[in-house]
Amino acid sequence: EIELEAAPEDVWEALTDEAQLEEWFANDVELDPREGGEGVFRWENGEERHATVIAVEPGEKLVLDWDDDGEVEFTLSRRSNFSCGLSQIR
């Protein structure tokens, strides 16, 4: 788990909002952050990866099943209004 000096709501948006994901993760993102939703992530080098949202608890947990790399779970834990912990489990 890492501690982030950011509001938990902001971190959640960075994990689930297409425009914010394009700022730090992939160049082109299509993501439906609902259970059963699909995600497509594209990079400038032509790489494209697909994922399915397996589970979501808004503001707390996001589980993606990558078509080429298995499940990844992101869990947020609120520390205060201005910080949170972020865990990633493969």
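No experiment lies behind these values; they were computed from the predicted model shown.
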Margin query: My understanding is that only residues two or more places apart in sequence, or in another chain, count here; which of them pass ring-ring contact (aromatic ring centres under 6.0 Å, His included) with Phe41?
Written below: Phe25, Trp66
Next item on the list: Name all residues meeting the salt bridge (charged side-chain N to carboxylate O under 4.0 Å, His left out) criterion together with Asp68; count only those two or more places apart in sequence or in a different chain, and write none if there are none.
Entry: Arg49
Item checked: Pairwise side-chain contact, Val53 with Leu64, heavy-atom cut-off 4.5 Å (strictly under) -> yes
Checklist line | Neighbour count above 12 (heavy atom, 6.0 Å) for Glu47 CD | finding: yes
Check: If two hydrophobic side chains count as joined below 4.5 Å and joins carry through other members, does Phe74 share a cluster with Val11?
Finding: yes
Item checked: Taking every non-hydrogen atom, the tightest pair across Leu62 and Thr16 -> CD2-CG2, 4.1 Å
Next item on the list: Report the C-alpha distance between Val29 and Val40 in whole Å, list the side-chain angles of each, state the deciding distance to 0.1 Å, and finish with yes or no for side chain to side chain contact (heavy atoms under 4.5 Å, CB included).
Entry: CA-CA 6 Å; Val29 176; Val40 180; over 6 Å; no
Check: With the 4.5 Å side-chain cut-off for hydrophobic clustering, are Leu21 and Val72 part of the same group?
Finding: yes
Checklist line | Nearest non-hydrogen partners of Pro8 and Leu76, listed with the distance | finding: O-CD1, 3.8 Å
Next item on the list: Go through the steps to decide whether Leu4 and Asp10 satisfy the test side chain to side chain contact (heavy atoms under 4.5 Å, CB included), and finish with yes or no.
Entry: CA-CA 10 Å; Leu4 301 169; Asp10 292 341; over 6 Å; no
Next item on the list: Please collect all salt bridge (Lys or Arg N to Asp or Glu O under 4.0 Å) contacts where either partner lies in residues 23-34, sequence neighbours excluded, each pair once.
Entry: Asp28-Arg42, Glu30-Arg42, Asp32-Arg34
Note to self: Quick check: closest heavy atoms across Asn27 and Trp43, and the distance to 0.1 Å?
What the structure shows: OD1-CA, 3.2 Å
Notebook entry, point to check: Where is the tightest heavy-atom contact between Leu31 and Gly39, given as atom of each residue plus distance?
Noted result: CD1-CA, 3.9 Å
Next item on the list: Hey, could you give me each pair passing side-chain hydrogen bond (donor to acceptor under 3.5 Å, both in side chains) that has a residue in residues 50-62? Not counting sequence neighbours.
Entry: Glu38-Thr52, Glu48-His50
Next item on the list: Would you list the pairs meeting salt bridge (Lys or Arg N to Asp or Glu O under 4.0 Å) in which at least one residue belongs to residues 11-22, sequence neighbours left out?
Entry: none
Notebook entry, point to check: Residues in salt bridge (charged side-chain N to carboxylate O under 4.0 Å, His left out) with Glu9, at least two apart?
Noted result: Arg78
Checklist line | Smallest separation among heavy atoms of Val63 and Glu73, with atom names | finding: CG2-CG, 3.7 Å
